[in-house]
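Notes to accompany the following structure.
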Amino acid sequence: MSDPAPTEGLSTLLHEQRTFPPSAEFTAQANGQAELFEQAEADRLGFWADQARRYVQWEQDFSEVLDWSDAPFAKWFVGGTLNACVNAVDRHVEAGNGDRVAIHWVGEPEGDTRDITYAELHQEVQKAANALADLGVGKGDTVAIYLPMIPEAAIAMLACARLGAPHSVVFGGFSAEALHSRIDDAGSKVVITSDGGYRRGKPSALKPAVDAALNHDDNPVEHVLVVQRTGQDVDWTEGRDVWWHDAVGQAADTHEAEAFDAEHPLFILYTSGTTGKPKGIMHTTGGYLVQTAFTNHVVHDVHPDSDVYWCTADIGWVTGHSYIVYGPMTLGATQVMYEGTPDTPHQGRFWEIVQDLKVTVLYTAPTAIRTFMKWGSDIPEKFDLSSLRVLGSVGEPINPEAWMWYRENIGGDSAPIVDTWWQTETGAIMISPLPGVTAARPGSAMRPIPGISAQVVDDMGEPVGNDSGGYLVLTEPWPSMLRGIWGDPQRYKDTYWSRFDGVYFAGDGAKLDEDGNIWVVGRVDDVMNVSGHRMSTSEIESALVSHPKVAEAAVVGAADDTTGQAICAFVILREDAVQEADEEGEGQDLVAELRNHVAKEIGPIAKPRQIMIVPELPKTRSGKIMRRLLKDVAENRTVGDVTTLADSSVMDLITQGLQGGGD
Ligand code: WTA
């Protein structure tokens, strides 16, 4: 714990008094009713057993709801067997809904669209499963997926699930280096990628990063399955590389799916923690499917037979896993999937899509909402958004101004907003309004959903009262909880279960308002939240230090109006590099070089907004970097208390050196 809970500035937030109850009409049709809270309160495990039997089709029913005897390693729905792909696809066809559109896919180039029904999806996942099996993929093998937002991304994930092969999706914006370390850690046998995808109006290559990632002697990969999306040139390794359209195109279109244990691993997803090494968060099948489907039904209020749902997240993040693939598809919903950026070819692209496809439920991130705010309300005004009836937010705290803007300009001043708090680790939504029940307060995620127990506690683990702040913990296991960190059970215990006895520590600070509503304020550890993406300070520090000119680096997340936090790096150069930079003048070229270096090591999303070359870093007598002081500098504040510094003049050196300097 490097810093106390970041609760400063909260007092103003907590004076937010406005509440927005749903209309009677909305409540009447809502999937989630107030009784759910009572049922869960009366019998938590019985409640989850009911949801499990309601939302998921089991091949064999479970005999025990929860086995917590080996805590913190949970087993949910013990003895149950199921196939996640059958739940997400086959059963909707069997139920007679094969003609329903599963995915309205919208490519970034205008007019480039595909509608895929559940029947077509059924055929595609069977063919893809057969093709993967031909490449040697079977139960328990891990498959890396590195794809843009094209339907094949969902198809690939579902085909892996069908085979019992845990997928490890790596966000397409990560670099070859980041991909390499994830492939190695998971021991992936096959990588599924594409030649490229469209981004900001241009084809953007992906295959070269895979080639570079595999350019190591010890790589575990036997085959690379390549989707042709852009038609750009690719290098080809004979024997290893296989075109998707050849392998999947020629595969048989029936595949008998096996039912797996409820606790069979479904996927690994890497996320940043407090150390430089990303953690492979492991999720299993039964509980994950139950909670993602349940929450998509009662929180987003998705009605599969009438809604057009759109989650704008990338499939490379957990939001894409839970609320593009597994939740909505387990419900049999119709959804939109969009390949590109919100400003291509114009800043009204999202609203044009909402209008054209009559989107009813929209789930996006505060950083996007703040960007739309900045672009101006005259842009959404030009489109007919009257189809929208529920709005969602995820990924970071949404400030009341952005919440109000979202409601007024996108939601026609009537659509309920669900501000959903959850994490890669929790697998599904944990804290959120229920749109038909809760009178939402702008900026607050409100209360735990039915069946979930959360508390805000102080340093000693004691619950704080209303109107006070502390740490957010989850006090009971939940179905979609992570089951561990891939290959590192000890790190799982240490990271989440050691701070407070017997409860899960989320790493977030939170405050209760005078009515007991939860306001999640952000991370209290060395994890930054940049545009809703988790980045660890130490991961970026090690990327910087791996550059030959850098001696030492310290990274902080500074407040940023659009991205929530922005990455600011303080760098000490090696002796010879200092002289060189002096000769070149301001060292601007070097700053650019270092930013590109971070992009190469981790990915463009990790590029620091600002790199400041400094002569020293503020350290305590025990050598620990005082990030709090650097944050003051990055946020242009008067530098705080320096008395614990080993050398209190260091901050003067830093601030003087930066006057007129910086990036
Ligand atoms: C933050 C994304 C405030 C939080 C689903 C959490 C939020 C981290 C909210 C997880 C929210 C997510 N309000 N903060 N509604 N939702 N966060 O793993 O700091 O990418 O710990 O999962 O995002 O990020 P992750």
Side-chain angles (χ1 to χ4, degrees), residues 5-7 10 13 169 171 173-174 267-274 278-283 288 291-292 295-296 299-300 311-324 326-327 363-370 391-400 402-403 406 417-433 440-449 454 456 469 471-474 480-482 485 495-496 504-511 517-536 557 563-565 605:
T7 45
L10 253 184
L13 283 182
V169 181
F171 173 59
F174 277 124
F267 66 85
I268 309 164
L269 184 58
Y270 288 85
T271 189
S272 297
T274 51
K279 304 174 282 200
I281 302 299
M282 206 246 296
H283 282 285
Y288 174 79
Q291 198 175 329
T292 53
T295 48
N296 196 225
V299 176
H300 301 104
C311 166
T312 69
D314 192 281
I315 222 150
W317 309 113
V318 74
T319 306
H321 284 56
S322 301
Y323 297 109
I324 293 177
Y326 292 106
Y363 193 33
T364 193
T367 187
I369 298 164
R370 290 192 297 262
L391 303 177
S393 171
V394 61
E396 54 178 314
I398 178 167
N399 43 312
W403 197 102
Y406 196 26
I417 296 180
V418 289
D419 172 6
T420 62
W421 179 89
W422 58 293
Q423 311 178 293
T424 305
E425 291 87 342
T426 70
I429 293 168
M430 304 294 282
I431 302 174
S432 170
R441 187 165 281 184
S444 170
M446 304 302 287
R447 307 288 176 111
I449 61 163
V456 180
Y471 305 100
L472 184 62
V473 298
L474 303 168
S480 64
M481 67 194 292
L482 76 165
I485 294 176
T495 309
Y496 304 105
Y504 172 92
F505 174 46
D508 280 328
K511 203 154 175 182
N517 299 312
I518 299 173
W519 294 68
V520 179
V521 290
R523 306 288 306 193
V524 293
D525 54 15
D526 294 335
V527 175
M528 296 171 289
N529 190 329
V530 182
S531 299
H533 301 146
R534 281 165 63 170
M535 315 277 350
S536 101
T563 60
Q565 284 189 310
I605 47 166

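Position 1 is the first residue of the sequence, and the numbers go up from there. Both ligands and their constituent atoms are indexed starting at 1 by order of listing. What you are looking at is a predicted structure, and each value in this text was computed from that prediction instead of being measured.
- Between Tyr363 and His300, a ring centre-to-centre spacing shorter than 6.0 Å is recorded.
- Between Asp508 and Val524 there is no side-chain heavy-atom pair separated by less than 4.5 Å.
- Taking the six-membered ring for Trp, Trp317 and Tyr323 have ring centres at least 6.0 Å apart.
- Between Tyr496 and Tyr504, the ring center distance clears the sub-6.0 Å criterion.
- Of the N and O atoms on the side chains of Tyr406 and Thr364, not one donor lies less than 3.5 Å from an acceptor on the other residue.
- Closer than 4.0 angstrom to ligand 1 lie heavy atoms from Val318, Thr319, Val394, Gly395, Glu396, Pro397, Asp419, Thr420, Trp421, Trp422, Gln423, Thr424, Asp508, Val520, Arg523, Asn529, Arg534.
- The ring of Tyr270 has its center no closer than 6.0 angstrom to the ring center of Phe174.
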